[in-house]
Amino acid sequence: MRLSFLAVAGAALLAGCGGGADAPTATGAWIRLPAVPGRPAAAYVAIRGGDQDVRLTSLRIPAARLVELHRTSSAGGVMSMAPVDAIDVPAGATVALSPGGDHAMLFDLDPALKAGGTTRVTLMFDKAPPIELDAKLAAPGTAGPP
Ligand SMILES: [Cu+2]
């Protein structure tokens with residue numbers, strides 16, 4: 001009797017993990033290559049929230065040594081950016097990491113990467129499964145998605 005109860009509870013738990021929940025999605029990832037090799041690159045992507053509030057906690061990019069999430073702000077007409085721990089992705093909202101806004105900063109990106117190519121990016125969340133996608137590589141100075 002006890003065993004069968006556990007089996008049912010376990011099955012319910014698995015069902016909750018597997019489907020049902022509407023996880024965030026991501027599209028249009030791209031990376032702007034640095035004008036000067038060795039300078040940081042920036043990564044952008046559009047994220048659509050799922051059915052619950054989550055936070056984007058990091059981007060994993062094997063081609064970069066270090067990736068930081070940055071918030072851009074403007075005070076007294078001066079634009080500045082600073083690292084943040086996470087970026088909110090509210091349920092049902094579209095959150096765009098884009099030039100002039102929040103973005104990911106990539107340090108020591110593999111210099112062999114060239115505009116026109118792609119590289120693998122994994123978005124990590126606090127309460128949603130990771131999203132893996134290819135980011136298009138854009139030439140330095142590119143203003144919008146390639
Ligand atoms: Cu930055």
Side-chain angles (χ1 to χ4, degrees), residues 6 8-146:
L6 284 177
V8 170
L13 208 62
L14 284 175
C17 269
D22 182 13
T25 55
T27 53
W30 65 287
I31 291 171
R32 186 165 58 203
L33 296 171
V36 179
R39 297 287 300 156
Y44 309 107
V45 63
I47 304 165
R48 178 144 180 82
D51 60 8
Q52 65 168 338
D53 297 349
V54 299
R55 307 189 82 204
L56 175 70
T57 54
S58 65
L59 262 65
R60 288 198 184 153
I61 303 175
R65 180 183 57 85
L66 174 71
V67 182
E68 290 180 352
L69 295 175
H70 279 191
R71 169 139 302 151
T72 303
S73 55
S74 128
V78 180
M79 298 271 277
S80 62
M81 60 181 182
V84 289
D85 288 339
I87 293 172
D88 289 331
V89 182
T94 298
V95 174
L97 274 59
S98 59
D102 295 347
H103 57 277
M105 209 93 216
L106 283 49
F107 298 90
D108 294 335
L109 187 65
D110 182 353
L113 296 184
K114 301 287 179 231
T118 63
T119 195
R120 206 72 174 150
V121 172
T122 304
L123 280 60
M124 306 297 295
F125 299 93
D126 61 346
K127 290 182 294 182
I131 301 175
E132 227 182 308
L133 71 172
D134 284 324
K136 289 184 186 169
L137 301 170
T142 303

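Count residues from 1 along the sequence. One-based numbering, in listed order, for ligands and for the atoms of each.
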Min side-chain heavy-atom separation Leu33-Lys114 under 4.5 Å: no

So the protein N/O/S atoms within less than 2.8 Å of the Cu ion (ligand 1) come down to His70 ND1, Met81 SD, His103 NE2, Met105 SD

Under the 3.5 angstrom rule, does the side chain of Asp88 hit a backbone N or O of Pro90 as a donor-acceptor pair? no

With sequence neighbours left out, what residues match Thr57 under side-chain contact (heavy atoms from CB on, under 4.5 Å)? Ala86, Met124, Asp126

Would you check if Pro140 and Pro34 make a side-chain contact, meaning some heavy-atom pair closer than 4.5 Å? no

Only one of Val95, Leu69, Val45 passes side chain to side chain contact (heavy atoms under 4.5 Å, CB included) with Leu56, and that residue is Leu69

Please check if the side chain of Arg48 supplies one atom and the backbone of Gly92 the other of a donor-acceptor pair under 3.5 Å. yes

